[in-house]
Amino acid sequence: MVEIKKGLEDVYVKETEITYIDGQLGRLYYRGYSIFDLAEFSSFEETSYLLLYGTLPTKNELEDYSNKLRKYRTIPDNLKTFLKSLPTNLNPMDVLRTSMSYLGMLERGNDPDAQIRVIASIPTIIAYYHRITDGLEPVEPSEELGHAENFLYMLKGKRPTKEEANALDKALILHMDHEMNASTFAAIVVASTLSDLYSALVAGIAALKGPLHGGANYEALKMFMEVGDPNKAEEYVIERLRSGKRIMGFGHRVYRTYDPRARILKNIAREITKNTQYETLYEIAERIEQAAIKLLSGKGIFPNVDFYSGIVFYALGFRPEFFPTLFASARVVGWMAQVNEYLKENRIIRPKALYKGEVGKPYKPIDER
Ligand code: CMC
């Protein structure tokens with residue numbers, strides 16, 4: 001008797017010391033540290049170090065690592081020329097996926113800092129294309145600023161406020177890793193053949209692009225915009241569910257309760273939209289959340305990371321098509337940490353499919369078919 005686990009639900013592919021999700025209690029830990037503590041006290045630099053190398057860095061380790069992240073922000077000139085040559089209406093995830101491939105083509109030899117360089121370059125690629133599509137001149141990265149601060153600086157051409165940089169910093173921490181999700185698994189499948197780092201990351205980006213995964217943040221914001229008025233939220237949810245559509249940013253394979261990342265992002269979204277033009281969007285989201293929880297919580301369906309993240313990214317000045325790339329800019333850390341761990345005890349991933357067709361059919365020449 002062969003049991004097929006659709007969607008590989010509950011199939012374990014490796015042991016890990018990186019990320020632990022308690023789907024019943026709604027808890028998430030990176031290397032044993034609660035996501036609530038990391039989001040409150042840590043930084044993009046520190047948490048990415050923790051995920052990649054296994055421990056919280058000392059002062060010196062953090063300084064060395066942060067200096068490298070700053071130094072590697074500049075992207076190669078031929079990639080800049082390539083980005084400038086592109087049409088301005090492309091899906092930014094396609095642009096990021098192709099840029100990763102482009103970086104991979106240029107890579108020569110075994111650079112020990114390749115992983116840090118990838119983490120540092122992605123925001124530059126995203127901000128570069130964002131500004132090009134806005135009809136603006138790209139802004140070169142600054143070596144003076146922190147990771148999130150510099151990202152917003154490259155996007156807007158001016159230093160962000162402390163609150164803005166903080167909001168992005170926290171949002172990126174929350175997206176950094178999530179155990180064996182589809183994009184991480186895709187990256188591991190490629191890495192398990194002993195292909196190269198960039199090819200594995202291209203696979204990760206490709207998988208993350210889908211609306212059931214990293215594309216859901218954009219889809220959730222589209223819903224809020226479509227509703228337009230907080231008083232119409234409940235009716236919208238009822239109608240959407242009645243017509244068989246999903247509430248985007250709701251539901252999760254592992255969480256059967258409120259995703260802790262959504263809890264933190266909700267607070268960030270509330271604070272960052274207060275007294276701004278985005279306040280109504282936040283109110284709509286909150287009302288959709290209330291209505292959807294009423295109807296879906298019985299099935300263990302609650303807001304996930306993508307429900308409120310889009311509002312945060314939007315309020316920070318990113319256009320909705322770019323949201324999944326922001327997810328990717330953080331998740332790349334998790335892809336690499338998980339791939340590094342898998343490769344320590346590598347075995348090529350090669351599952352099976354249960355054949356249900358016929359065998360031994362007589363071959364007919366083409367003019368007899
Ligand atoms: N709205 C309405 N119903 C839902 C939703 C939703 N968002 N999510 C799941 N369901 C229902 C689904 O219709 C099914 O009902 P029934 O058993 O009556 O047919 C049941 O819940 C189980 O759904 P499933 O598709 O088998 O669950 P899954 O574990 O395979 O899928 C999921 C998980 C995240 C793909 C799904 O919940 C979903 O499509 N959510 C909307 C998209 C989304 O927000 N994705 C982001 C996921 S979290 C971060 C990330 O990975 O990027």
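What you see below is based on every heavy atom in this structure, not just the backbone, and it leaves out hydrogens, waters and symmetry mates. Counting convention: from 1, in listed order, for ligands and their atoms alike.
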[X] with [Y]: basic N within carboxylate O range, under 4.0 Å:
| X | Y | answer |
| --- | --- | --- |
| E234 | R287 | no |
| K245 | E219 | no |
| D111 | R117 | yes |
| K80 | E140 | yes |
| R242 | E239 | yes |

Give the atom numbers and elements of ligand 1 that come within less than 4.0 Å of a heavy atom of [X].
| X | value |
| --- | --- |
| A216 | 43 (C), 44 (O), 45 (N), 46 (C) |
| F327 | 52 (O) |
| G214 | 52 (O) |
| I301 | 4 (C), 9 (C), 10 (N), 11 (C), 21 (O) |
| L241 | 2 (C) |
| V305 | 49 (C) |
| K299 | 15 (O), 16 (P), 18 (O) |

Looking just at side-chain N and O atoms, do [X] and [Y] make a donor-acceptor pair shorter than 3.5 Å?
| X | Y | answer |
| --- | --- | --- |
| S99 | Y128 | no |
| D113 | Y72 | yes |
| S142 | N150 | no |

- prompt: Which pairs, with at least one residue in residues 92-104 and sequence neighbours excluded, count as a salt bridge (charged side-chain N to carboxylate O under 4.0 Å, His left out)?
  reply: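 The answer is D94-R97, D94-K209.
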Please determine if [X] has a nitrogen or oxygen closer than 3.5 Å to a nitrogen or oxygen of ligand 1.
| X | answer |
| --- | --- |
| R261 | no |
| I247 | yes |
| F250 | yes |
| N304 | yes |
| L212 | yes |

task: Answer yes or no: is there a donor N or O on one side and an acceptor on the other, between the side chain of T81 and the main chain of D77, under 3.5 Å?
output: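 Yes.
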task: Check whether any side-chain N or O of R369 sits under 3.5 Å from a backbone N or O of K364 as a donor-acceptor pair, and report yes or no.
output: yes
Quick one: look up the protein heavy atom nearest [atom] and list residue, atom name and how far away it is.
| atom | result |
| --- | --- |
| atom 30 (O) of ligand 1 | R253 NH2, 3.0 Å |
| atom 46 (C) of ligand 1 | D306 OD2, 3.2 Å |
| atom 13 (O) of ligand 1 | R246 NH2, 3.5 Å |
| atom 34 (C) of ligand 1 | G251 O, 3.6 Å |
| atom 51 (O) of ligand 1 | H213 ND1, 2.8 Å |
| atom 42 (C) of ligand 1 | M248 CE, 3.6 Å |

- request: Compute the centroid of each ring, for Y49 and then for Y53, and state whether the two points are separated by less than 6.0 Å.
  value: yes
Can you check [atom]: any protein non-hydrogen atom closer than 4.0 Å?
| atom | answer |
| --- | --- |
| atom 27 (O) of ligand 1 | no |
| atom 22 (C) of ligand 1 | no |
| atom 40 (N) of ligand 1 | yes |
| atom 19 (O) of ligand 1 | no |

message: If you take the nearest heavy atom of each of G215, G7, G249, which one is closest to atom 44 (O) of ligand 1?
response: G249
message: Can you pull out every side-chain hydrogen bond (donor to acceptor under 3.5 Å, both in side chains) where at least one residue sits in residues 25-43? Sequence neighbours excluded, please.
response: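 Those involving residues 25-43 are S42-E46, S42-T47.
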message: Is the ring pair F313/H175 parallel, tilted or perpendicular, if the boundaries are 30 and 60 degrees?
response: tilted
